[in-house]
There are 2 protein chains.
Amino acid sequence: MKIDPKSSADLSAQIAKSIRDAIVSGDLIVDERLPSESELADQFDVSRPTVREALKRLAAQNLIRTQRGATGGAFVRRLDYDEAQAQHVTTSRLLLSMNAVDFQTACEARFALERACAPLSAQRCTPDHLATMRAEIHRQTQPGLSDERFCDSDVAFHRALVDGADNPVLSYQLAGSVEAMQPLMNMITFTQRNRDSIVELHTRIADAIEARDAAAADTALTELTSYTLDLGDQAMQARAARKP
Amino acid sequence: MKIDPKSSADLSAQIAKSIRDAIVSGDLIVDERLPSESELADQFDVSRPTVREALKRLAAQNLIRTQRGATGGAFVRRLDYDEAQAQHVTTSRLLLSMNAVDFQTACEARFALERACAPLSAQRCTPDHLATMRAEIHRQTQPGLSDERFCDSDVAFHRALVDGADNPVLSYQLAGSVEAMQPLMNMITFTQRNRDSIVELHTRIADAIEARDAAAADTALTELTSYTLDLGDQAMQARAARKP
DNA sequence: TTGCATTAAATTGTCAGACATTTAAACTGC
DNA sequence: GCAGTTTAAATGTCTGACAATTTAATGCAA
């Protein structure tokens, strides 16, 4: 293994890329042990700190894990759904906040994706998922619930809906989208009337899913979309009025 | 700033988390300069190599960029759509390969999501996007096109469809899903008859989008979904027969 | 022979200090 | 005022060392 010496990039970045490529291409398989830091330093003809910086880059991407001790070292790590999803949520949130994505755009994207999995959820949803949805709806009716808790419950409801499609890849993609929007949703003030309307729509969605009625679920989701968009518009206008 | 000394985690991981939290929470804003490595070392009471390992972790997540020279340092980086998307694709691909996600699951997820944006695309698609779709369809009819190139073109076609929805958040989420599936699609051998069928379906989709007919687009996409699933099944069976 | 405590070895984690490289600003001479 | 030079600040890299952790080997006693 050798690194292009005339490349202007950091050595640690080049080394990280080299190892990452080996992992992505399947050249290094899950749980395989990488050479020790000293060996890597020799192979790449750099010092150990440089190798370590490269390994830390990979660790930050959850591509490897390290173990200390005699049989320790760096091992290729199996990326599981939860980790990937957490990464996805973090990245999506940063993307929304750093690029000042407006509420409409994010909301539209979220509900469009959610509608995509509603038919599948109507087909395959288990009693477990339905129970979760009902429980969250009930939580949303409780008096004295803070706006933030209401949003939490809203996310939990929609996660159950998505998970009901029984497709982990879909869940991974969608949960990222739904949870990434939470900070934006948290800017909304939910009046009692708002909550009543949302709870009613959630109930209709749950009923439709339970009845295996994809069309009804789609209709309710569409209404929820426009209702949420309206709420967002009002919140934005209120914000604009406060800070002219 | 100080770090929990009794935590068992790596110092560099703790420092990275501390800085990452500051960025995600908005405490550090885009293009803001972090203290120099020496200053950070003093603040966190660790050595400079340890700080550097932490910074490399953040750099690997595209959260910071570094500049050398007198006015250099580490700066909070604006995460743009392309970068986030590239990250998303990489993560998704690894997730699929490392967890041996089967073709059906990935395919179902992909087309479910794609159907979600077809109505929006039918509403807003520009002549530009349509032209791209037509061009890719034409490319798919060319004789002597390798299976891999055919897949490339397929991805490009669907990207144009997705981008036609004119919602960058949707594009970001979906492109991840579509492109992540490409390695799986590449395992399929496309016969001339297969290609003809796909091209016909693509044409129907493009026609529907051009006619602003969301329902027709949805129908064609549904057919394309089941057709692709069939192709996948055949490919899997062929594989199983070759390697019993 | 078996069981247990001790020791040794390998590996990552951390530190200190040094030098190289790059970049922009300050300075100097004209 | 301008061009070239110097200087200072910052990251990039290297060397060598030591600490902490974990496993394996070793040796001794029952």
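Throughout, a chain's letter reflects where its sequence line sits, starting with A, and its residues are numbered from 1. Please read these numbers as outputs of a predicted model, since none were measured by experiment.
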- Item | C:dC15 OP1/OP2 closer than 4.0 Å to side-chain N/O of B:Thr50 | yes
Under 3.5 Å, which donor-acceptor pairs link side chains of residues 59-72 of chain A to any protein atom two or more places apart or in another chain?
from: A:Gln61; atom 1: OE1; to: A:Arg20; atom 2: NH1; distance (Å): 2.6
from: A:Asn62; atom 1: ND2; to: A:Gln87; atom 2: OE1; distance (Å): 3.3
from: A:Arg65; atom 1: NH2; to: A:Asp31; atom 2: OD1; distance (Å): 2.7

- Query: Sequence neighbours excluded, which residues qualify as ring-ring contact (aromatic ring centres under 6.0 Å, His included) partners of A:Phe111?
  - Reply: none
- Query: Which part of the nucleic acid, if any, lies within reach of B:Arg33 when heavy atoms closer than 4.0 Å are counted: base, sugar-phosphate only, or nothing?
  - Reply: sugar-phosphate
- From CD of A:Gln67 across to P of D:dA24 the rounded distance in Å is 11 Å
- Would you tell me if any nitrogen or oxygen in the side chain of B:Thr66 comes within less than 4.0 Å of OP1 or OP2 on D:dG12? yes
- Message: If I take atom CZ in residue A:Phe44 and atom C1' in nucleotide D:dT13, what distance separates them, rounded to the nearest angstrom?
- Response: 16 Å
- Query: How long is the line joining CD1 of A:Ile64 and P of C:dT12, in whole Å?
  - Reply: 10 Å
- Message: Among residues at least two apart in sequence or on other chains, which ones pass side-chain hydrogen bond (donor to acceptor under 3.5 Å, both in side chains) with B:Thr126?
- Response: B:His129
- Counting just side-chain N and O atoms, does B:Ser12 come under 4.0 Å of either OP1 or OP2 of C:dG13? no
- Euclidean distance, atom CZ of residue B:Arg52 to atom P of C:dG13 [Å, nearest integer]: 17 Å
- Using a distance-only test with no angle check, is there a side-chain donor-acceptor pair under 3.5 angstrom linking B:Gln182 and B:Asp154? no
- Note on the structure: Between CD of B:Glu39 and P of D:dA9 the distance, given in whole Å, is 11 Å
- Let me have a per-nucleotide readout for nucleotides 16-28 of chain C, 5' to 3', with B, S or -, counting only protein heavy atoms under 4.0 Å. --B--BBBS----
- Length of the CG-C1' vector between B:Leu11 and D:dA20, whole Å: 12 Å
- Item | Between A:Asp233 and A:Gln104: side-chain donor-acceptor atoms closer than 3.5 Å | yes
- Between C:dG13, C:dT14, D:dT13, which nucleotide gets closest to the side-chain atoms of A:Glu37? C:dG13
- Task: To the nearest Å, give me how far apart CZ (B:Arg65) and C1' (D:dA10) are.
- Result: 15 Å
- Query: Under the side-chain hydrogen bond (donor to acceptor under 3.5 Å, both in side chains) test, which residues partner B:Asp80, sequence neighbours left out?
  - Reply: none
- Message: If I take atom CG in residue B:Asp10 and atom C1' in nucleotide D:dA19, what distance separates them, rounded to the nearest angstrom?
- Response: 14 Å
- Query: With sequence neighbours excluded, what pairs up with B:Ser12 under the side-chain contact (heavy atoms from CB on, under 4.5 Å) test?
  - Reply: A:Lys56, B:Asp10, B:Thr50, B:Glu53, B:Ala54, B:Arg57
